[in-house]
Amino acid sequence: MKNKSLKNMLSRSMLVFCAAGMALTGCSSISSGDDDTEIVDNITEEEENNPVTDDQDVTENENPDVTVDTEEEPEDQDTTDEPEGTTSTTTTQTNNTTSSSDKDSSVSWSKLESAAKAGQSYYSEYYTKTRVISMNGYLYNYAASTQITTDYLIKEGMLTGSYSGISIMLMYGSDISSKGGSSVHITGTDNEFTVFAFMKHPTDNKYVFSSASGSYGTLSETAYNSLMSAYSMDHGTIRRLTPSNSEYDRILSCIKMYESKYESYFVRSITIDDKYAFVVLSGKANAATIREYILKYENGIWEVVMDDLESEGRLPVVVNKTIPDFNMSLLPTYSIKDYTMLTDYTAVMDALTKAGYYAKDDTFYYFCGTKEFCYMITDSGKRFLCHYNNGTWDCYKVLDYYDALSKLQSLSSNPPTFILLDLE
């Protein structure tokens, strides 16, 4: 017994000595064998005495293959590496935040995100191939006159499953954020033109939405209606102004002030609704230098909001991205960029002379043409439309604007009507 007691005393002394040594050096080691059990038991006992609550940060996950989500993760989601035209229907880290306090558990956020991803993939793939725009807030193929719905995406093989009640929208995330306040979470890139999936809440008078990049949130019915109103293109009856209309001169005066040139114009057309005007004109110094403008009517004043539109080959897309509520019906069917303007009228004059239409004492008040068509008006009021046909210019005498328009339309399926002087 004495030997055993002495042995125990020596063992305890060694343990005290080792513990003191570790305390002095600041180092620790994990032993093998039975000591491992003791360490685990100690940790287990400590956990029982100090349980981890939901408010504490957990720095390590027991399963290294499962990502632990935080409240801020929707802001950091980045899908820029996804190939265009592909759709992922798997639940991402953003969807895992469904359990967060501002995500209603009664809403299928994964379906919303899948619909948004499919819509975004369509937009990314076809934006440069055709004219895809926002039509009253909805994703729309302008060239095909087709709204892009979940049914359309399913038919195209870009989405699978049932997505009843979900709408595919194309909007600025910043507009959504301005309507929803703190209940809206928009990632940085989604503040720009982005595809969102919206749906009516299954039980409450509100709407929920998601994007492909981690944005999500809730809008009250009032806020949602206000958002849709901001994207509505319905601003009253579309009409073409005549030179006798008082708004005609007001709009031209605004453009003169905007350009600070105060020149006289050859106007081709002014088309308006109750909010916007689309103007096609040139200076009288050079009728071939055609310019296009969009003006906005607000507080009784017209103001130029877009210019240099004649240089745009994808005019509907460019205008829509800048002014999403601009009514596309105000735009002309032609694109000036598609035509080459005529600069040498010698052959046209020779053809008019040969046809007996041009006399030496005639002088021309107006002439404007492309490589294929030319329209001319003399000081005495004679009007001619000429068509370049198989190497020669065919000349036609016309009575007025409408007669010239009818002849032009009979000779071409997409005529350059901008060469005609506006309703003289």
Side-chain angles (χ1 to χ4, degrees), residues 74 77-95 98 107-177 179-180 184-201 207-219 224 227-228 230-233 314 316-317 320-321 324-325 328:
Q77 187 73 13
D78 184 8
T79 59
T80 55
D81 292 333
E82 280 193 36
E84 292 183 351
T86 60
T87 303
S88 172
T89 57
T90 57
T91 303
T92 65
Q93 291 181 356
T94 302
N95 283 337
T98 304
V107 176
S108 179
W109 294 98
S110 60
K111 278 201 169 187
L112 271 177
E113 185 176 303
S114 294
K117 281 187 174 183
Q120 188 67 53
S121 293
Y122 179 91
Y123 182 60
S124 299
E125 181 176 353
Y126 289 98
Y127 177 76
T128 56
K129 294 179 181 179
T130 184
R131 289 169 289 177
V132 183
I133 65 170
S134 173
M135 178 70 78
N136 296 313
Y138 296 93
L139 183 61
Y140 189 83
N141 188 323
Y142 180 79
S145 300
T146 303
Q147 183 179 330
I148 308 305
T149 63
T150 53
D151 287 343
Y152 180 92
L153 294 171
I154 291 171
K155 185 179 178 181
E156 292 296 307
M158 304 183 76
L159 196 60
T160 57
S162 176
Y163 292 85
S164 177
I166 296 179
S167 299
I168 308 298
M169 320 293 280
L170 179 60
M171 294 178 166
Y172 281 95
S174 55
D175 290 336
I176 300 174
S177 182
K179 303 295 182 182
V184 169
H185 305 270
I186 302 292
T187 64
T189 55
D190 286 355
N191 278 302
E192 300 303 316
F193 230 21
T194 304
V195 173
F196 295 91
F198 272 81
M199 68 173 287
K200 181 81 164 57
H201 192 276
Y207 289 79
V208 292
F209 72 89
S210 179
S211 78
S213 301
S215 298
Y216 67 95
T218 304
L219 293 178
Y224 176 80
L227 176 66
M228 296 305 293
Y231 279 80
S232 172
M233 295 179 175
R314 289 160 48 82
V317 174
N320 182 252
K321 199 166 185 178
D325 70 325
M328 295 288 103

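Predicted, not measured: the structure shown is a model, and the values here were computed from it.
- Taking each heavy atom of Val208 and His201 in turn, the nearest pair found is CG1-CD2, 4.3 Å.
- One finds the CD atom of Gln147 at 9.0 Å from the CG atom of Asn136 (value rounded to the nearest 0.5 Å).
- Of all heavy-atom pairs between Ile166 and Ala115, the closest is CG2-CB, 3.8 Å.
- One finds the CD1 atom of Ile176 at 13.0 Å from the NE2 atom of His185 (value rounded to the nearest 0.5 Å).
- When all heavy atoms of Val317 and Ile133 are compared, the pair lying nearest together is CA-CG2, 4.1 Å.
- Under the side-chain hydrogen bond (donor to acceptor under 3.5 Å, both in side chains) criterion, Asn141 pairs with Tyr122, sequence neighbours left out.
- Nearest approach of Ala212 to Ala116, heavy atoms of both residues: N-CB, 3.7 Å.
- Aromatic ring orientation, Phe196 versus Phe209: perpendicular (interplanar angle above 60°, classes split at 30° and 60°).
- In this structure, Thr189 and Thr194 have side chains that are not in contact, with every pair of non-hydrogen atoms separated by 4.5 Å or more.
- Contact of the Ser114 side chain with the Tyr163 side chain is registered, since non-hydrogen atoms from C-beta on lie closer than 4.5 Å.
- Using a 4.5 Å cut-off on side-chain heavy atoms (C-beta onward), Tyr172 and Glu192 make contact.
- Closest of all the heavy-atom pairs between Thr130 and Ala143 is OG1-CB, 3.0 Å.
- Looking only at distances, no side-chain donor or acceptor of Arg131 sits under 3.5 Å from a matching main-chain atom of Ala144.
- Not counting sequence neighbours, Asp175 has no partner by the salt bridge (Lys or Arg N to Asp or Glu O under 4.0 Å) test.
- The two atoms that bring Thr187 and Ser215 nearest to each other are N-OG, 2.9 Å, heavy atoms only.
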### Message
Determine whether Met158 and Ser121 satisfy the following criterion, side chain to side chain contact (heavy atoms under 4.5 Å, CB included), listing intermediate values before the conclusion.
### Response
CA-CA 8 Å; Met158 304 183 76; Ser121 293; 3.9 Å; yes
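- The shortest distance between side-chain heavy atoms of Lys111 and Ser162 falls below 4.5 Å.
- Geometric assessment of Lys321 against the ring of Phe193 yields a negative cation-pi assignment under the 6.0 Å and 45° thresholds.
- Between atom OG1 of residue Thr150 and atom CG of residue Leu139 there is a gap of 11.5 Å, rounded to the nearest 0.5 Å.
- Counting only heavy atoms from C-beta outward, the side chains of Val195 and Met169 never approach each other to under 4.5 Å.
- Counting heavy atoms from C-beta on, the side chains of Val132 and Tyr140 never come closer than 4.5 Å.
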#### Entry: Pair Tyr224-Phe198, ring pair (Phe, Tyr, Trp, His ring centres under 6.0 Å): steps then yes or no
CA-CA 10 Å; Tyr224 176 80; Phe198 272 81; 5.8 Å; yes
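- A cation-pi arrangement is not found for Lys155 relative to Tyr152, the charged atom failing to lie both closer than 6.0 Å to the ring centre and inside a 45° cone about the ring normal.
- For the atom pair OG of Ser124 and NZ of Lys129, the computed distance is 11.0 Å after rounding to the nearest 0.5 Å.
- Contact check for Asn320 versus Met328: side-chain heavy atoms found under the 4.5 Å cut-off.
- For the pair Met228/Tyr138, a side-chain contact is recorded, criterion being any heavy-atom separation below 4.5 Å from C-beta on.
- Using the six-membered ring where Trp is involved, Tyr216 and Trp109 have ring planes that are perpendicular, over 60° apart on the 30 and 60° scheme.
- Remark: Ser134 OG to Tyr142 OH distance equals 13.5 Å, nearest 0.5 Å.
- Residue Lys117 holds its NZ atom at 9.0 Å from OG of Ser210, rounded to the nearest 0.5 Å.
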